[in-house]
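I have placed the structure first, in the form of structure tokens, so that the comments after it can refer back to it.
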Amino acid sequence: MRKFYLHNSSKTKSFDLNSISSLATEPSGLGNSFSTAYKESSNGKHLVNATPDFEPIKLKIYFNADASDGYANYKALMQFLAECGVSDQKEILFEYNDGITDKFCDVVFKSSTKSETSEENVFCETFTFERQSYWYERIEESFALKNTSADATSFPLGFPFGFYGHVFKTKQFVSNSFHVSAPITLTISGNIHNDIRVYIATLEDEIVAEIKLSTNCVDGKVIVIEPNTKKITVEQNGEVTNGYGLTDKTKQSFLYLPQGDYYISSNMTVEDSGEIAFAIKRYLLD
């Protein structure tokens, strides 16, 4: 059975569209669509471009299948949308489980109907969401570059000869098989002594994307570089500030993993006790 959920951009608030008080049915716009462009020549026409042109996602939502107050249930969904996706123009996460895979896409709330309860006491309205992205897995891969004690580094010797070492993870192999670059969220925390530099390089060590910040990091400070919302924030002592001004404008502000095989690395040293954590959004042609 298909299931649908709505979430705010940080997924800290959710709305279940599978309950008998708010039951989504008859979905449309869940597939993929492309706008194509052709060039005419003496040999006929040939394709020069194909860009995503998603249809809007439409749902019929029944608000009183449990004989409850349909208007109150309708108002609850509208309040959720106002808090999470309309008032500050944020995208909403639309979750779709087809019984096999669980996937997400970014949507913007566009419209909803509002009518009277039918003679059969049915209160059903149509909600329309403008789709902004391919489907994707919420987080397929996450890892961190850091210096850490690791049990796995111990030699295969029993007591009293065994010992545990330190592993300094300086780079991570990553791969993207999809034709669209995958956004990478960075979360930087803990003690990092030098101004921070993070980059993506080919297997031949050619740098293809790079972020440089004019700041280091200390305990209690957290820097988040979020390409999905195009925001860079710095949180310290309970205060959140805009960190966009810390970026080197000759480099990228946000990281995206191109199609192919790469390494992600940074300028952290073995003396640094902080970490740079990565979360990669994986798109799906589903």
Side-chain angles (χ1 to χ4, degrees), residues 1-33 52 54-142 183 185 187 224 226-229 231 279-286:
M1 179 180 176
R2 290 175 170 178
K3 292 185 178 181
F4 305 100
Y5 306 87
L6 297 173
H7 310 278
N8 64 347
S9 57
S10 59
K11 212 181 175 188
T12 56
K13 295 182 180 180
S14 302
F15 197 95
D16 187 350
L17 295 175
N18 310 284
S19 67
I20 53 177
S21 60
S22 301
L23 181 62
T25 64
E26 300 181 45
S28 64
L30 301 179
N32 289 295
S33 179
F54 303 117
E55 296 179 4
I57 294 175
K58 293 185 178 181
L59 301 169
K60 283 189 175 181
I61 303 178
Y62 290 83
F63 288 101
N64 65 342
D66 59 349
S68 62
D69 186 345
Y71 290 105
N73 299 333
Y74 176 94
K75 184 177 179 179
L77 175 54
M78 295 302 294
Q79 183 64 33
F80 171 85
L81 295 172
E83 292 176 353
C84 303
V86 177
S87 59
D88 51 1
Q89 285 106 38
K90 286 184 178 178
E91 293 178 346
I92 303 167
L93 298 187
F94 183 91
E95 181 178 358
Y96 166 39
N97 189 310
D98 59 9
I100 300 174
T101 60
D102 194 35
K103 44 193 168 285
F104 298 81
C105 71
D106 301 325
V107 300
V108 175
F109 172 57
K110 182 180 180 181
S111 65
S112 63
T113 59
K114 190 173 184 181
S115 57
E116 299 293 330
T117 302
S118 72
E119 293 181 357
E120 293 78 23
N121 197 35
V122 174
F123 184 32
C124 176
E125 304 297 345
T126 299
F127 280 69
T128 301
F129 300 90
E130 291 284 0
R131 185 171 157 193
Q132 306 296 306
S133 72
Y134 291 100
W135 294 107
Y136 58 85
E137 300 178 27
R138 176 57 176 165
I139 293 179
E140 180 192 87
E141 182 177 4
S142 59
T185 300
T187 303
V224 178
E226 177 55 85
N228 301 294
T229 57
K231 288 186 177 180
I280 302 177
K281 179 186 284 187
R282 299 291 188 175
Y283 289 118
L284 305 166
L285 193 63
D286 196 342

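Please read these numbers as outputs of a predicted model, since none were measured by experiment.
- For Phe94 and Phe4, the ring centers are positioned less than 6.0 Å apart.
- Put simply, CG on Asn228 and NZ on Lys281 are 3.5 Å apart, with the number rounded to the nearest 0.5 Å.
- Between Ser112 and Phe127 there is a side-chain heavy-atom pair separated by less than 4.5 Å.
- A donor-acceptor pair is defined here as one N or O able to donate and one able to accept, closer than 3.5 Å; such a pair exists between the side chain of Asn64 and the backbone of Asn121.
- Distance check, rounded to the nearest 0.5 Å: CZ of Phe80 to CG of Asn8 gives 6.0 Å.
- The environment of Lys110 atom NZ is sparse: at most 12 non-hydrogen atoms of other residues, nucleotides or ligands sit within 6.0 angstrom.
- Atom-to-atom distance recorded for Ser21:OG and Leu77:CG is 10.5 Å, nearest 0.5 angstrom.
- To the nearest 0.5 Å, the span separating CZ on Phe109 from CD1 on Ile57 amounts to 13.5 Å.
- Looking at Tyr74 and Gln79, their side chains never come closer than 4.5 Å, going by heavy atoms from C-beta outward.
- In this structure, Tyr134 and Pro52 have side chains that are in contact, with non-hydrogen atoms separated by less than 4.5 Å.
- Ile61 contributes atom CD1, which lies 8.5 Å from atom OG1 of Thr25 (distance to the nearest 0.5 angstrom).
- With contacts defined as side-chain heavy-atom distances shorter than 4.5 Å, the pair Leu285/Asn32 qualifies.
- For the 3.5 Å distance criterion, the side chains of Ser115 and Thr113 fail to qualify, holding no donor opposite an acceptor.
- A donor-acceptor contact closer than 3.5 angstrom links the side chains of Asp106 and Tyr136.
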Between Phe123 and Tyr71, does a ring pair (Phe, Tyr, Trp, His ring centres under 6.0 Å) hold up when you go through it step by step? CA-CA 8 Å; Phe123 184 32; Tyr71 290 105; 4.5 Å; yes

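- Taking the six-membered ring for Trp and the full ring otherwise, the centers of Trp135 and Tyr96 sit less than 6.0 Å from each other.
- A 4.5 Å side-chain heavy-atom check between Gln132 and Val108 finds at least one atom pair inside the cut-off.
- With a 4.5 Å cut-off on side-chain heavy atoms, Asp69 and Phe63 do not count as touching.
- Of all heavy-atom pairs spanning Gly29 and Arg131, the tightest one is O-NH1, 3.5 Å.
- Among Lys58, Lys60, Arg2, the single residue meeting the salt bridge (Lys or Arg N to Asp or Glu O under 4.0 Å) criterion with Glu26 is Lys60.
- The side-chain heavy atoms of Phe129 and Pro56, taken from C-beta on, include no pair separated by under 4.5 Å.
- For the 3.5 Å distance criterion, the side chains of Lys103 and Thr101 qualify, holding a donor opposite an acceptor.
- For Lys13 and Glu83, the salt-bridge test passes: some basic side-chain N is under 4.0 Å from an acidic carboxylate O.
- Heavy atoms only, all atoms of each residue included: Ser133 and Tyr283 are closest at CB-CE2, 4.3 Å.
- Remark: the Ser33 side chain and the Glu55 side chain contain no N/O donor-acceptor pair separated by less than 3.5 Å.
- How far CG of Leu6 is from CG of Leu81: 6.5 Å, rounded to the nearest 0.5 Å.
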Full working for side-chain contact (heavy atoms from CB on, under 4.5 Å) between Glu95 and Asp102: CA-CA 7 Å; Glu95 181 178 358; Asp102 194 35; 2.7 Å; yes

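- Side-chain contact between Leu17 and Leu59 is present, with heavy atoms from C-beta onward closer than 4.5 Å.
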